[in-house]
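Below is one structure; the comments refer to it alone.
Each ligand, and each atom within it, is numbered from 1 in the order the structure gives.
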Amino acid sequence: MQFRDFWYVVAESRKLKANIILQRSVLGEWLAIFRGDDGKPVALQDRCVHRHSRLSKGKVLQGKVQCPYHGWVYDKSGKVVAVPSEGEDFFDNIKTCQARHGIVYETCESDGYVYVRLASNSSEELQSFNQPFKMPFYQEVGWETMRVINRFHNNVTNCAENFIDIPHTASVHPGVFRNQRRQKLQMTVERCNGSVIAEYRNETNNLGWFTSFLNRQGNAIIHTDSFHMPNITSVEYNLGKNRRIFITSQSVPESDETTLVYTDVTYNYGIWNKLAKPFVWWTAQYIIHQDVEALAIQWEVIQKYGTQFMNTPADTIHVFVESIRHAIAQGNDPRKLPDKSVTVNFWV
Ligand code: FES
Ligand SMILES: [Fe+2]
């Protein structure tokens with residue numbers, strides 16, 4: 001198993017219009033993304049086989065992409081179908097034609113996202129990953145989704161850990177998310193089958209404006225955070241009927257040091273659904289910008305001093321996430337790691 005075996009978001013479906021070409025990077029691989037003549041997304045390595053110009057700088061016409069340098073044309077299978085300097089002679093030499101082929105990657109669309117998978121022969125052990133992660137309640141009746149995209153200067157592991165890290169919220173997001181209250185929280189963290197699930201108890205209204213507004217009755221809060229290999233995190237707050245919110249983030253590794261994060265905030269606030277939209281969007285973006293800053297600082301220090309981290313019980317969740325990502329980096333299957341479940345207390 002390797003990171004290249006998984007699906008990664010490269011665009012929102014609605015943004016990939018016909019005759020548009022997008023430049024992307026996934027795991028250091030450069031990609032040119034467009035729609036073929038059948039409307040399906042195509043991902044070519046962003047390199048013309050002729051003299052190595054970037055296809056993403058070229059034009060797309062009727063599902064074919066033309067290199068900006070000498071005008072070679074590629075179809076959706078990556079095959080070169082026209083070479084201007086050869087004119088009509090191009091078609092005479094079938095053998096040369098067949099040899100001219102760009103590298104093409106698998107694509108699919110799901111829940112309004114376009115996905116790419118870099119590894120071509122997906123083995124049996126990866127069958128359960130043949131579909132991308134299902135985004136919770138996307139476009140279901142009664143639910144709204146706000147989507148935001150942000151670039152982090154840090155790697156996927158640290159981004160994913162940040163999105164399910166409670167102890168930073170009071171200091172990085174004071175007021176908006178959580179205030180320091182010296183309150184004891186109990187957390188049960190479980191590592192099982194390539195996922196980490198953390199459940200929190202004793203949480204009360206300390207989640208900024210959105211719970212003071214939505215939870216005026218002070219209902220018990222069911223809060224669950226999870227990580228799903230290799231790059232998904234989901235945060236769920238359930239405050240009762242018509243009071244549920246999911247924050248699901250897909251951290252896409254552009255390179256070893258930058259991560260493009262696609263975040264879906266999906267909520268069910270009953271009659272407040274539509275009215276809440278701008279507030280949800282604003283709050284999500286505000287909070288994420290604070291995290292972008294915090295993670296950029298962390299990355300600077302990691303570059304200089306490495307990752308000899310020091311853990312407390314509240315960091316158990318991170319230790320589990322790291323063990324899973326480390327297994328994949330070593331070519332192993334994290335689902336074979338022993339199941340573990342730990343209950344710890346910490347203060348926020
Ligand atoms: S480099 Fe692409 S056509 Fe020459
Ligand atoms: Fe945060």
*Examine all N, O or S atoms of Cys48, backbone included, and report whether one is under 2.8 Å from atom 2 (Fe) of ligand 1.*
yes
*With atoms numbered from 1 as shown, which atoms in ligand 1 lie under 4.0 angstrom from a non-hydrogen atom of Ser53?*
1 (S)
*asked:* If I take atom 4 (Fe) of ligand 1 as the centre, what angle separates the ND1 atom of His70 from the ND1 atom of His50? Nearest 10 degrees is fine.
replied: 90°
*Does a side chain donor of either His318 or Thr316 reach within less than 3.5 Å of an acceptor in the other side chain?*
no
*Numbering the atoms of ligand 1 from 1, which are under 4.0 Å from a heavy atom of Trp72?*
3 (S)
*Using the ring of Trp30 (Phe, Tyr or Trp, six-membered ring only), decide whether Arg47 places NZ or CZ under 6.0 Å from its centre and within 45 degrees of its axis.*
no
*Polar side chain donor-acceptor pair, His153 to Thr258, under 3.5 angstrom*: no
*asked:* Under a 4.0 angstrom heavy-atom cut-off, which atoms of ligand 1 come close to Gly71?
replied: 3 (S)
*Output yes if Asp165 passes the N/O/S-under-2.8 Å test against the Fe ion (ligand 2); output no otherwise.*
no
*Run the ring-centre check on Tyr267 versus Phe246 and record whether the distance is less than 6.0 Å.*
no
*Check whether any N, O or S atom of Cys67 sits under 2.8 Å from atom 2 (Fe) of ligand 1.*
yes
*Gap between atom CD1 of Ile221 and atom CG of Leu239 - 0.5 Å precision*: 5.0 Å
*For the atoms OD1 of Asp291 and NE2 of His168, give the angle they form at the Fe ion (ligand 2), rounded to 10 degrees.*
90°
*Is the backbone of Val10 close enough, under 3.5 Å, to the side chain of Arg24 for a donor and an acceptor to pair up by distance?*
yes
*asked:* Starting from atom 1 (S) of ligand 1, what is the nearest protein heavy atom, named by residue and atom, and what distance separates them?
replied: Arg51 N, 3.3 Å
*Whether Trp7 side chain and Asn130 backbone form a donor-acceptor pair below 3.5 Å*: yes
